[in-house]
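Report on the structure given below.
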There are 2 protein chains.
Amino acid sequence: MYQAHPALRQPVTAADRVLLEIQRAIVEGDIAPGSKISEPELARRFDLSRAPLREALARLERCHLIERIPNAGARVVRLSTSGLLALYQLRENLEGLACKLAAEHMTDAEITEVRQLLDQHLTSQRVREGESYYQEAGDLDFHYRVILGSKNSYLINILCDELYYLVRMYRVQLGMNGPRVSRAFDEHKAIINAIANRDGELADLLMRRHIAASRRNIEQQLEQMGT
Amino acid sequence: MYQAHPALRQPVTAADRVLLEIQRAIVEGDIAPGSKISEPELARRFDLSRAPLREALARLERCHLIERIPNAGARVVRLSTSGLLALYQLRENLEGLACKLAAEHMTDAEITEVRQLLDQHLTSQRVREGESYYQEAGDLDFHYRVILGSKNSYLINILCDELYYLVRMYRVQLGMNGPRVSRAFDEHKAIINAIANRDGELADLLMRRHIAASRRNIEQQLEQMGT
DNA sequence: TAGGCGTATATTGTCGACAATCTATCTCGC
DNA sequence: GCGAGATAGATTGTCGACAATATACGCCTA
């Protein structure tokens with residue numbers, strides 16, 4: 001029987017559910033960056049025992065949303081310029097690779113779906129003009145789809161399970177809105193076109209540039225906030 | 001205070017220790033690929049409760065040595081050609097990137113250390129001629145050092161914590177010995193030279209080729225075994 | 001008054017038992 | 001005889017309590 005990829009498997013256990021809740025809370029800033037994680041407190045707050053909670057914390061550490069020190073507890077990760085640089089350095093390479101592989105392995109049907117997704121984005125973007133294009137989450141996200149299209153399970157695991165939420169945290173907490181919104185959309189269009197043309201080299205290049213531009217954008221916002 | 005990277009942090013908790021033991025057992029084949037993991041059995045075998053054992057299993061899943069299905073248990077990963085291809089596709093990119101970054105960020109002292117390490121390998125290799133060059137593990141490993149030299153914590157985490165053991169499992173269980181041994185050594189030399197010359201682009205290229213060659217080598221062995 | 005030390009408190013790590021879920025076997029019906 | 005359903009067994013997920021460790025406070029000394 002086919003086993004769905006962990007990233008898109010729906011939660012079945014209590015640990016799964018509380019993981020999703022805490023993940024959302026951290027990504028959206030409900031639990032402040034740098035704040036200490038108290039196991040007893042969270043256990044009370046979500047009304048379960050510490051066993052499934054610790055399971056969830058282990059997975060949160062895996063996706064870099066918290067940092068644990070043995071016998072000393074866990075803290076929510078802090079956002080920093082150096083962290084962002086390191087993260088985006090990786091993304092440029094990995095998502096570039098994902099594009100290259102997607103150009104080889106995505107089916108025509110999957111490509112069509114992504115195009116429909118982009119059209120959908122365009123609509124909702126025009127309707128709510130000021131709203132951030134980046135807010136779309138989960139498998140509505142363009143990047144998400146392309147990554148899955150690479151069909152490389154290790155790559156998918158790293159990007160969708162381990163780095164994805166931290167990327168979203170940077171996006172959300174630094175409020176990704178502004179002039180880049182419409183340009184990012186055009187870049188997405190160009191990337192899926194390259195994939196549709198089975199031009200992996202170009203898709204790779206375009207994605208790297210796209211992410212580099214996105215990085216510079218967030219970087220600016222960080223500098224403005226920092227000073 | 002300085003916090004050592006998780007990868008080289010020494011085990012302090014019971015879960016840490018049993019993790020290392022099971023990791024070794026799986027990598028070296030003492031626990032057969034594809035075999036079912038029984039929590040009660042392992043708990044008895046290592047003389048501890050299921051709580052720290054499950055913690056260890058969570059981390060084993062993280063480094064792709066076991067696969068878990070909720071409410072249904074865990075199995076040791078199986079080695080396959082497709083899995084190897086996917087894994088090495090990633091490694092080519094990631095370790096290439098690591099080389100590029102290492103050329104930028106490694107200190108002269110660190111480069112000297114790696115060179116001494118290679119000389120050491122040469123000695124022990126010539127002494128025990130038939131023995132596999134690849135058997136060296138942990139921070140004795142050339143790749144390990146270069147990756148740490150990239151100074152990118154996310155990259156280090158992925159390569160040293162999450163993919164490293166699976167790579168070793170392929171190496172060990174397919175018995176990496178043969179004519180490639182001495183050639184791999186020369187390739188390592190060329191890579192550290194490029195890094196010493198601060199030629200990131202060349203180091204990247206050489207590492208990609210090195211891993212591609214290594215992949216083809218293992219691939220051949222897999223085919224021979226499979227047929 | 002500042003700094004180091006020892007105790008008190010709180011938190012994390014570990015344990016054994018119970019509940020929920022899945023797997024395998026047996027029985028029954030077609 | 002073969003397949004579907006029910007039941008028994010085993011395994012995983014969860015719970016509450018205990019032990020080991022780290023943090024915080026107060027005290028003593030220089």
Side-chain angles (χ1 to χ4, degrees), chain A residues 1-4 6 9-23 25-26 31-62 64-78 161, chain B residues 1-4 6 9-23 25-26 31-62 64-78 161:
Chain A
M1 200 176 79
Y2 180 69
Q3 162 65 16
R9 171 170 66 79
Q10 67 181 0
V12 290
T13 177
D16 287 335
R17 285 188 293 274
V18 72
L19 169 66
L20 290 180
E21 293 199 66
I22 302 180
Q23 231 170 19
I26 292 179
I31 303 178
S35 62
K36 187 157 187 341
I37 296 283
S38 165
E39 291 186 8
E41 185 201 320
L42 280 185
R44 281 193 303 274
R45 178 165 160 187
F46 292 104
D47 193 43
L48 39 65
S49 126
R50 278 177 54 219
L53 180 70
R54 284 171 63 84
E55 171 89 23
L57 290 183
R59 298 193 213 167
L60 285 173
E61 183 183 24
R62 176 174 166 171
H64 306 280
L65 291 184
I66 66 171
E67 289 166 356
R68 295 177 99 180
I69 299 174
N71 287 316
R75 304 195 84 86
V76 177
V77 70
R78 286 175 201 280
D161 287 357
Chain B
M1 201 174 82
Y2 180 68
Q3 163 64 15
R9 173 170 65 81
Q10 67 182 1
V12 291
T13 177
D16 287 336
R17 285 189 293 274
V18 73
L19 169 67
L20 289 180
E21 294 198 66
I22 303 180
Q23 227 169 23
I26 292 179
I31 303 178
S35 61
K36 186 157 186 343
I37 295 283
S38 164
E39 292 186 7
E41 185 201 320
L42 280 184
R44 280 193 303 274
R45 178 165 160 188
F46 292 104
D47 194 43
L48 41 66
S49 127
R50 279 177 55 219
L53 180 70
R54 285 172 61 85
E55 171 90 24
L57 290 183
R59 296 194 214 168
L60 285 174
E61 183 183 25
R62 176 174 167 172
H64 306 278
L65 291 183
I66 66 172
E67 289 165 356
R68 297 177 97 180
I69 297 173
N71 287 317
R75 304 195 85 86
V76 177
V77 70
R78 287 176 199 279
D161 288 354

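The shown structure was predicted, so the numbers you read here are calculated from the model rather than taken from an experiment. Letters A, B, ... mirror the listed sequences (proteins, then strands); counts begin at 1.
Here C/dC15 presents its C1' atom at 16 Å from CZ of B/R44, a figure rounded to the nearest Å. In this structure, B/F46 atom CZ and C/dC15 atom P are separated by 14 Å, rounded to whole Å. The CG atom of A/L42 sits 12 Å away from the P atom of C/dT11 (whole-angstrom rounding). Distance, B/D16 CG to C/dG13 C1': 11 Å, rounded to whole Å. Spacing between atom CZ of A/R75 and atom P of C/dT11 amounts to 13 Å, rounded to whole angstrom units. To the nearest angstrom, C1' of D/dT12 lies 15 Å from CD of B/E41. To the nearest angstrom, C1' of C/dG13 lies 9 Å from CD of B/E55. Between A/E39 atom CD and D/dC15 atom P there is a gap of 14 Å when expressed in whole angstrom units.
Comparing atom distances between the A/R54 side chain and each of C/dG13, D/dT14, D/dG13 picks out C/dG13 as nearest. The listed nucleotides are D/dT23, C/dT14, D/dT12; the one nearest the side chain of B/N71 is D/dT12. The B/P52 side chain lies nearest to C/dC15 when the options are C/dT12, D/dG13, C/dC15. The side chain of B/S49 lies closest to C/dC15 when the candidates are C/dG13, C/dC15, D/dG13. The nucleotide whose nearest atom lies closest to any side-chain atom of A/L48 is, among D/dT14, D/dC15, D/dA22, D/dC15.
Among the atoms of the strands shown, base atoms are found under 4.0 Å from some heavy atom of A/A51. Using a 4.0 Å heavy-atom criterion, one finds that A/I37 contacts the sugar-phosphate atoms exclusively.
Each of A/A72 and A/R50 lies near DNA chain D, and the nucleotide nearest A/R50 is the one positioned closer to the 5' end.
Without hydrogens or angle criteria, B/R75 side chain to B/G34 main chain gives a donor-acceptor distance under 3.5 Å. No donor-acceptor pair closer than 3.5 Å links the side chain of A/R68 to the backbone N or O of A/A74.
Between A/P52 and A/A15 the shortest heavy-atom distance is O-CB, 3.5 Å.
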Derivation and outcome, side chain to side chain contact (heavy atoms under 4.5 Å, CB included), residues A/Q23 and A/L65
CA-CA 8 Å; A/Q23 231 170 19; A/L65 291 184; 3.7 Å; yes

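Using a 4.0 Å cut-off, no side-chain N or O of B/T13 falls inside it from OP1 or OP2 of C/dT12. For the pair A/K36 and D/dA22, the criterion of a side-chain N or O lying under 4.0 Å from OP1 or OP2 is not met.
Looking at B/E55 and B/R59, a side-chain N of the basic residue comes within less than 4.0 Å of a carboxylate O on the acidic one, giving a salt bridge.
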